[in-house]
Amino acid sequence: MVRVLFLGGLGRSGTTLLERLLGELPGVCPLGEVVHLWERDVAGDERCACGEHFSECGFWREVGEKAFGGWHHVDVWRVLALRHAVERTRHIPRLASVRMSPAHRLLVEEYADWYARLYEAAAVVSGAEVLVDSSKHAALAYCLRFAPGLDLRVAHVVRDSRGVAYSWTKKVTRPETDNAEEMTRYSPGRSALLWNAHNVAFSALHKCGVPVRRVRYEELLEDPGAVLRDLSEFIDIAPGELGFLRDGVAELGPCHSAAGNPMRFTVGPVPLRRDDAWRTALPGGQRRVVSALTAPLLGAYGYRGAR
(Lines give C-alpha, C1' and ligand atoms only; values in the text may rest on other atoms or scores of the structure.)
Protein backbone atom coordinates (compact mmCIF):
# COMPACT_ATOMS: atom_id res chain seq x y z
CA MET A 1 0.00 0.00 0.00
CA VAL A 2 1.28 3.45 -0.95
CA ARG A 3 0.38 6.01 1.71
CA VAL A 4 -0.68 9.39 0.29
CA LEU A 5 -1.67 12.47 2.23
CA PHE A 6 -3.89 14.51 -0.07
CA LEU A 7 -4.14 18.21 0.77
CA GLY A 8 -7.63 19.45 -0.07
CA GLY A 9 -9.43 22.76 -0.05
CA LEU A 10 -9.70 25.84 -2.20
CA GLY A 11 -6.46 27.35 -3.48
CA ARG A 12 -4.89 30.25 -1.54
CA SER A 13 -5.71 28.51 1.75
CA GLY A 14 -2.12 27.72 2.74
CA THR A 15 -1.78 24.27 1.19
CA THR A 16 1.61 24.99 -0.41
CA LEU A 17 3.04 26.18 2.90
CA LEU A 18 1.67 23.09 4.64
CA GLU A 19 3.11 20.84 1.93
CA ARG A 20 6.55 22.44 2.28
CA LEU A 21 6.50 22.05 6.05
CA LEU A 22 5.40 18.42 5.78
CA GLY A 23 8.20 17.86 3.28
CA GLU A 24 10.73 18.62 6.02
CA LEU A 25 9.48 15.69 8.12
CA PRO A 26 11.48 12.43 7.95
CA GLY A 27 9.98 9.93 5.54
CA VAL A 28 7.74 12.44 3.71
CA CYS A 29 8.05 13.39 0.04
CA PRO A 30 6.04 16.35 -1.38
CA LEU A 31 4.98 15.91 -5.00
CA GLY A 32 3.15 19.20 -5.59
CA GLU A 33 -0.19 19.47 -7.39
CA VAL A 34 -0.11 16.21 -9.30
CA VAL A 35 -3.44 17.02 -10.95
CA HIS A 36 -1.61 19.60 -13.09
CA LEU A 37 1.48 17.47 -13.76
CA TRP A 38 0.06 15.80 -16.88
CA GLU A 39 -0.63 18.98 -18.85
CA ARG A 40 1.86 21.47 -17.41
CA ASP A 41 4.84 19.17 -16.95
CA VAL A 42 4.56 16.05 -19.07
CA ALA A 43 3.15 17.98 -22.04
CA GLY A 44 4.27 21.55 -21.26
CA ASP A 45 7.69 20.79 -19.73
CA GLU A 46 7.39 23.51 -17.09
CA ARG A 47 9.90 23.82 -14.28
CA CYS A 48 10.11 21.52 -11.28
CA ALA A 49 10.63 23.19 -7.91
CA CYS A 50 14.30 22.17 -8.15
CA GLY A 51 14.62 24.69 -10.98
CA GLU A 52 15.09 22.21 -13.82
CA HIS A 53 12.58 21.74 -16.58
CA PHE A 54 10.46 18.67 -15.91
CA SER A 55 12.12 16.67 -18.70
CA GLU A 56 15.55 17.42 -17.21
CA CYS A 57 14.75 16.70 -13.56
CA GLY A 58 16.42 13.47 -12.47
CA PHE A 59 13.78 12.67 -9.86
CA TRP A 60 10.83 12.95 -12.22
CA ARG A 61 12.70 11.26 -15.07
CA GLU A 62 13.26 8.24 -12.83
CA VAL A 63 9.63 8.28 -11.66
CA GLY A 64 8.45 8.30 -15.27
CA GLU A 65 10.70 5.39 -16.20
CA LYS A 66 9.56 3.29 -13.26
CA ALA A 67 5.86 4.12 -13.60
CA PHE A 68 5.36 4.10 -17.36
CA GLY A 69 8.62 3.09 -19.02
CA GLY A 70 9.22 6.78 -19.73
CA TRP A 71 6.96 9.82 -19.90
CA HIS A 72 6.73 9.46 -23.68
CA HIS A 73 4.52 6.43 -23.05
CA VAL A 74 1.95 8.53 -21.19
CA ASP A 75 -1.09 9.44 -23.28
CA VAL A 76 -1.58 12.90 -21.78
CA TRP A 77 -4.66 13.62 -23.85
CA ARG A 78 -6.29 10.42 -22.65
CA VAL A 79 -5.58 11.40 -19.04
CA LEU A 80 -7.05 14.87 -19.65
CA ALA A 81 -10.08 13.40 -21.40
CA LEU A 82 -10.68 11.13 -18.40
CA ARG A 83 -10.29 14.09 -16.09
CA HIS A 84 -12.91 16.01 -18.04
CA ALA A 85 -15.25 13.01 -17.96
CA VAL A 86 -15.03 12.10 -14.28
CA GLU A 87 -13.07 14.64 -12.22
CA ARG A 88 -15.44 17.61 -12.07
CA THR A 89 -17.03 19.16 -8.99
CA ARG A 90 -20.48 18.51 -10.41
CA HIS A 91 -19.66 14.79 -10.60
CA ILE A 92 -19.00 14.45 -6.86
CA PRO A 93 -22.50 13.16 -6.00
CA ARG A 94 -22.02 10.40 -8.57
CA LEU A 95 -18.50 9.65 -7.30
CA ALA A 96 -19.83 9.36 -3.75
CA SER A 97 -22.78 7.17 -4.72
CA VAL A 98 -22.85 3.41 -4.33
CA ARG A 99 -25.03 3.30 -7.45
CA MET A 100 -22.42 4.49 -9.94
CA SER A 101 -22.95 2.89 -13.33
CA PRO A 102 -20.44 0.17 -14.34
CA ALA A 103 -19.39 2.18 -17.41
CA HIS A 104 -18.67 5.32 -15.39
CA ARG A 105 -16.86 3.33 -12.72
CA LEU A 106 -14.51 1.91 -15.36
CA LEU A 107 -13.59 5.45 -16.43
CA VAL A 108 -12.98 6.51 -12.81
CA GLU A 109 -10.82 3.43 -12.17
CA GLU A 110 -8.80 4.05 -15.33
CA TYR A 111 -8.23 7.68 -14.32
CA ALA A 112 -7.28 6.75 -10.74
CA ASP A 113 -4.87 4.08 -12.01
CA TRP A 114 -2.70 6.74 -13.69
CA TYR A 115 -2.22 8.35 -10.28
CA ALA A 116 -1.69 5.01 -8.52
CA ARG A 117 1.15 4.10 -10.89
CA LEU A 118 2.77 7.51 -10.45
CA TYR A 119 2.47 7.37 -6.65
CA GLU A 120 3.93 3.87 -6.48
CA ALA A 121 6.92 4.88 -8.57
CA ALA A 122 7.46 8.09 -6.57
CA ALA A 123 7.42 6.11 -3.34
CA VAL A 124 10.10 3.77 -4.64
CA VAL A 125 12.30 6.51 -6.10
CA SER A 126 12.07 8.74 -3.03
CA GLY A 127 12.13 5.95 -0.46
CA ALA A 128 9.47 7.91 1.45
CA GLU A 129 6.87 6.42 3.77
CA VAL A 130 4.32 9.08 2.85
CA LEU A 131 3.76 11.10 -0.31
CA VAL A 132 2.03 14.48 -0.20
CA ASP A 133 -0.19 15.49 -3.12
CA SER A 134 -1.39 19.09 -2.78
CA SER A 135 -3.77 18.93 -5.76
CA LYS A 136 -6.62 20.32 -3.61
CA HIS A 137 -9.40 19.29 -6.04
CA ALA A 138 -12.25 17.64 -4.15
CA ALA A 139 -13.39 15.59 -7.15
CA LEU A 140 -9.90 14.12 -7.52
CA ALA A 141 -9.91 13.03 -3.89
CA TYR A 142 -13.19 11.21 -4.52
CA CYS A 143 -11.72 9.58 -7.64
CA LEU A 144 -8.62 8.41 -5.76
CA ARG A 145 -10.84 6.22 -3.57
CA PHE A 146 -10.83 3.87 -6.56
CA ALA A 147 -7.03 3.77 -7.02
CA PRO A 148 -5.59 0.29 -6.46
CA GLY A 149 -3.10 -0.18 -3.62
CA LEU A 150 -3.57 3.33 -2.25
CA ASP A 151 -3.80 4.23 1.44
CA LEU A 152 -5.47 7.62 0.98
CA ARG A 153 -5.72 10.14 3.81
CA VAL A 154 -6.89 13.73 3.43
CA ALA A 155 -5.91 16.93 5.22
CA HIS A 156 -8.79 19.36 4.65
CA VAL A 157 -7.18 22.82 4.77
CA VAL A 158 -9.50 25.76 5.48
CA ARG A 159 -8.83 29.48 5.72
CA ASP A 160 -11.11 32.44 6.42
CA SER A 161 -13.09 32.91 3.20
CA ARG A 162 -12.37 36.65 3.13
CA GLY A 163 -8.64 36.06 3.22
CA VAL A 164 -8.99 33.52 0.42
CA ALA A 165 -11.16 35.91 -1.63
CA TYR A 166 -8.62 38.72 -1.30
CA SER A 167 -5.75 36.43 -2.27
CA TRP A 168 -7.55 35.39 -5.48
CA THR A 169 -7.66 39.04 -6.58
CA LYS A 170 -3.87 39.38 -6.51
CA LYS A 171 -1.74 39.38 -9.63
CA VAL A 172 0.81 36.54 -9.31
CA THR A 173 3.21 35.43 -12.04
CA ARG A 174 4.15 31.78 -12.53
CA PRO A 175 7.95 31.24 -12.24
CA GLU A 176 7.68 27.79 -13.81
CA THR A 177 6.79 29.53 -17.11
CA ASP A 178 9.72 31.94 -16.68
CA ASN A 179 7.11 34.52 -15.56
CA ALA A 180 5.44 34.43 -19.00
CA GLU A 181 2.04 33.54 -17.47
CA GLU A 182 0.00 34.59 -14.47
CA MET A 183 -1.99 32.51 -12.01
CA THR A 184 -5.77 32.53 -12.37
CA ARG A 185 -7.69 35.32 -10.64
CA TYR A 186 -11.29 35.26 -9.38
CA SER A 187 -13.69 37.94 -8.24
CA PRO A 188 -14.52 37.83 -4.50
CA GLY A 189 -18.05 36.61 -5.25
CA ARG A 190 -16.78 33.82 -7.49
CA SER A 191 -14.15 32.70 -5.00
CA ALA A 192 -16.77 32.68 -2.21
CA LEU A 193 -18.94 30.25 -4.18
CA LEU A 194 -15.91 28.06 -4.94
CA TRP A 195 -14.90 28.17 -1.26
CA ASN A 196 -18.32 26.84 -0.31
CA ALA A 197 -18.33 24.09 -2.92
CA HIS A 198 -14.84 22.76 -2.18
CA ASN A 199 -15.20 22.84 1.58
CA VAL A 200 -18.62 21.20 1.60
CA ALA A 201 -17.24 18.41 -0.60
CA PHE A 202 -14.29 17.76 1.70
CA SER A 203 -16.46 17.96 4.79
CA ALA A 204 -18.51 15.06 3.41
CA LEU A 205 -15.62 12.90 2.18
CA HIS A 206 -15.31 10.98 5.47
CA LYS A 207 -18.76 9.51 4.80
CA CYS A 208 -17.17 7.57 1.95
CA GLY A 209 -14.70 5.94 4.33
CA VAL A 210 -11.72 8.22 3.66
CA PRO A 211 -9.87 9.42 6.80
CA VAL A 212 -10.03 13.23 6.92
CA ARG A 213 -8.28 15.65 9.29
CA ARG A 214 -9.19 19.35 9.20
CA VAL A 215 -6.39 21.94 9.39
CA ARG A 216 -7.04 25.66 9.78
CA TYR A 217 -4.56 27.98 8.11
CA GLU A 218 -4.67 30.33 11.07
CA GLU A 219 -3.80 27.54 13.53
CA LEU A 220 -0.97 26.35 11.29
CA LEU A 221 0.65 29.79 11.47
CA GLU A 222 -0.07 30.18 15.19
CA ASP A 223 1.51 26.86 16.19
CA PRO A 224 3.03 24.99 13.22
CA GLY A 225 4.70 22.44 15.47
CA ALA A 226 1.40 21.36 17.02
CA VAL A 227 -0.26 21.02 13.61
CA LEU A 228 2.66 19.02 12.18
CA ARG A 229 2.71 16.68 15.18
CA ASP A 230 -1.03 16.14 14.85
CA LEU A 231 -0.75 15.37 11.14
CA SER A 232 2.23 13.08 11.78
CA GLU A 233 0.04 11.01 14.07
CA PHE A 234 -2.70 11.07 11.41
CA ILE A 235 -0.36 9.61 8.77
CA ASP A 236 1.43 7.25 11.18
CA ILE A 237 4.94 8.66 11.15
CA ALA A 238 7.27 10.03 13.83
CA PRO A 239 7.69 13.79 13.34
CA GLY A 240 11.19 13.99 14.74
CA GLU A 241 12.51 17.06 16.56
CA LEU A 242 11.13 19.67 14.11
CA GLY A 243 14.48 21.42 14.20
CA PHE A 244 13.66 23.30 11.00
CA LEU A 245 11.16 25.39 13.02
CA ARG A 246 12.55 28.14 15.24
CA ASP A 247 11.48 31.61 16.36
CA GLY A 248 8.63 31.98 13.87
CA VAL A 249 10.75 30.86 10.90
CA ALA A 250 10.87 27.62 8.90
CA GLU A 251 14.12 26.58 7.22
CA LEU A 252 13.04 24.90 3.99
CA GLY A 253 15.21 22.64 1.86
CA PRO A 254 14.88 21.94 -1.88
CA CYS A 255 12.14 19.67 -3.20
CA HIS A 256 10.70 18.32 -6.44
CA SER A 257 7.19 19.74 -6.24
CA ALA A 258 5.85 19.44 -9.77
CA ALA A 259 3.21 22.18 -9.85
CA GLY A 260 1.56 24.70 -7.57
CA ASN A 261 2.07 28.05 -5.86
CA PRO A 262 5.36 29.91 -6.55
CA MET A 263 6.34 29.31 -2.93
CA ARG A 264 7.39 25.80 -3.91
CA PHE A 265 10.57 27.31 -5.37
CA THR A 266 11.58 28.90 -2.05
CA VAL A 267 14.63 27.46 -0.32
CA GLY A 268 15.94 28.81 2.98
CA PRO A 269 14.29 30.71 5.85
CA VAL A 270 10.57 31.49 5.49
CA PRO A 271 8.78 33.68 8.07
CA LEU A 272 5.70 31.99 9.50
CA ARG A 273 3.19 34.76 9.91
CA ARG A 274 -0.47 35.08 9.05
CA ASP A 275 -1.43 37.10 6.00
CA ASP A 276 -4.38 39.16 7.27
CA ALA A 277 -4.04 41.96 4.71
CA TRP A 278 -7.62 41.30 3.63
CA ARG A 279 -8.92 43.00 6.77
CA THR A 280 -7.90 46.40 5.35
CA ALA A 281 -7.20 45.72 1.66
CA LEU A 282 -10.46 43.97 0.70
CA PRO A 283 -13.10 46.69 0.10
CA GLY A 284 -15.93 46.69 2.64
CA GLY A 285 -18.62 45.89 0.09
CA GLN A 286 -16.75 42.89 -1.23
CA ARG A 287 -15.97 41.73 2.30
CA ARG A 288 -19.66 41.82 3.19
CA VAL A 289 -20.61 39.89 0.05
CA VAL A 290 -18.09 37.14 0.82
CA SER A 291 -19.17 37.05 4.48
CA ALA A 292 -22.83 36.67 3.52
CA LEU A 293 -22.22 33.96 0.92
CA THR A 294 -20.00 31.87 3.19
CA ALA A 295 -21.60 32.62 6.58
CA PRO A 296 -22.81 29.07 7.42
CA LEU A 297 -19.40 27.45 6.88
CA LEU A 298 -17.52 30.36 8.44
CA GLY A 299 -19.43 29.64 11.63
CA ALA A 300 -18.94 25.89 11.35
CA TYR A 301 -15.18 26.35 11.01
CA GLY A 302 -14.93 28.76 13.95
CA TYR A 303 -14.74 32.05 12.06
CA ARG A 304 -18.04 33.47 13.28
CA GLY A 305 -16.41 36.29 15.28
CA ALA A 306 -14.04 37.41 12.49
CA ARG A 307 -14.47 40.93 11.08
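Remember, it's a predicted structure, so these values are computed and weren't measured experimentally. Sequence positions, counted from 1, serve as the residue numbers for this chain.
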L21 and L245: CA distance, side-chain angles, deciding distance, side chain to side chain contact (heavy atoms under 4.5 Å, CB included) verdict: CA-CA 9 Å; L21 295 176; L245 298 176; 4.2 Å; yes
Hey, is the main chain of [Y] close enough, under 3.5 Å, to the side chain of [X] for a donor-acceptor pair?
X    : Y    : value
N196 : L293 : yes
S291 : R287 : yes
Y142 : A201 : yes
R213 : F234 : no
R20  : T266 : yes
H36  : G260 : no
W60  : H53  : no
R47  : G51  : yes
E120 : V2   : no
Y217 : D275 : yes

With heavy-atom distances below 4.5 Å as the criterion, would you say the side chains of [X] and [Y] are in contact?
X    : Y    : result
F146 : M100 : yes
L25  : S232 : yes
L297 : V158 : no
D276 : W278 : yes
C143 : L95  : yes
L221 : L17  : yes
E19  : C255 : no
L31  : V63  : no

R216 to Y303, cation-pi by 6.0 Å centre distance and 45° axis angle: yes
Test side chain to side chain contact (heavy atoms under 4.5 Å, CB included) applied to R159 and E218, step by step: CA-CA 7 Å; R159 181 186 179 187; E218 294 79 6; 3.6 Å; yes
With E110, the salt bridge (Lys or Arg N to Asp or Glu O under 4.0 Å) member among R105, R78, R83: R78
Hey, any chance [X] and [Y] share a hydrophobic cluster, counting ILVMFWY side chains that come within less than 4.5 Å of each other, even indirectly?
X    : Y    : result
V86  : V74  : yes
V42  : L80  : yes
V130 : V125 : no
V79  : W77  : yes
F6   : V200 : no

Smallest separation among heavy atoms of [X] and [Y], with atom names:
X    : Y    : answer
A147 : A116 : CB-CB, 4.0 Å
L205 : A141 : CD2-CB, 4.0 Å
T294 : A192 : CG2-O, 3.6 Å
A155 : L5   : N-CD1, 3.8 Å
A165 : V290 : CB-CG2, 3.8 Å
V34  : W38  : O-NE1, 3.6 Å

Roughly how far, to the nearest 0.5 Å, is the [atom2] atom of [Y] from the [atom1] atom of [X]?
X    : Y    : atom1 : atom2 : result
S191 : R12  : OG    : CZ    : 10.0 Å
S13  : D160 : OG    : CG    : 10.0 Å
D113 : L118 : CG    : CG    : 11.0 Å
I92  : E87  : CD1   : CD    : 9.0 Å
S161 : L193 : OG    : CG    : 11.0 Å
R274 : L220 : CZ    : CG    : 11.0 Å

Derivation and outcome, side chain to side chain contact (heavy atoms under 4.5 Å, CB included), residues D41 and W71: CA-CA 10 Å; D41 296 312; W71 292 109; over 6 Å; no
Ionic contact status for E33 with R264, cut-off 4.0 Å: no
H72 NE2: over 12 foreign heavy atoms closer than 6.0 Å: yes
Residues, nucleotides or ligands: over 12 heavy atoms within 6.0 Å of Q286 CD: yes
Full working for salt bridge (Lys or Arg N to Asp or Glu O under 4.0 Å) between R3 and D236: CA-CA 10 Å; R3 201 179 322 155; D236 297 324; 5.1 Å; no
Remaining members of hydrophobic cluster (4.5 Å side-chain criterion), V172: M183
Pairs satisfying ring-ring contact (aromatic ring centres under 6.0 Å, His included), at least one member in residues 147-166, at least two apart: H156-F202, H156-Y301
Test side chain to side chain contact (heavy atoms under 4.5 Å, CB included) applied to T15 - qualifying residues, sequence neighbours left out: L7, K136, V157
Aromatic contact, Y111 with W114 (centres under 6.0 Å): no
Mutual orientation of the aromatic rings belonging to H198 and H137 [parallel < 30°, tilted 30-60°, perpendicular > 60°]: perpendicular
Plane angle bin for Y115 and Y119 - parallel if under 30°, tilted between 30 and 60°, otherwise perpendicular: tilted
L252 and M263: CA distance, side-chain angles, deciding distance, side chain to side chain contact (heavy atoms under 4.5 Å, CB included) verdict: CA-CA 11 Å; L252 301 178; M263 186 196 172; 4.0 Å; yes
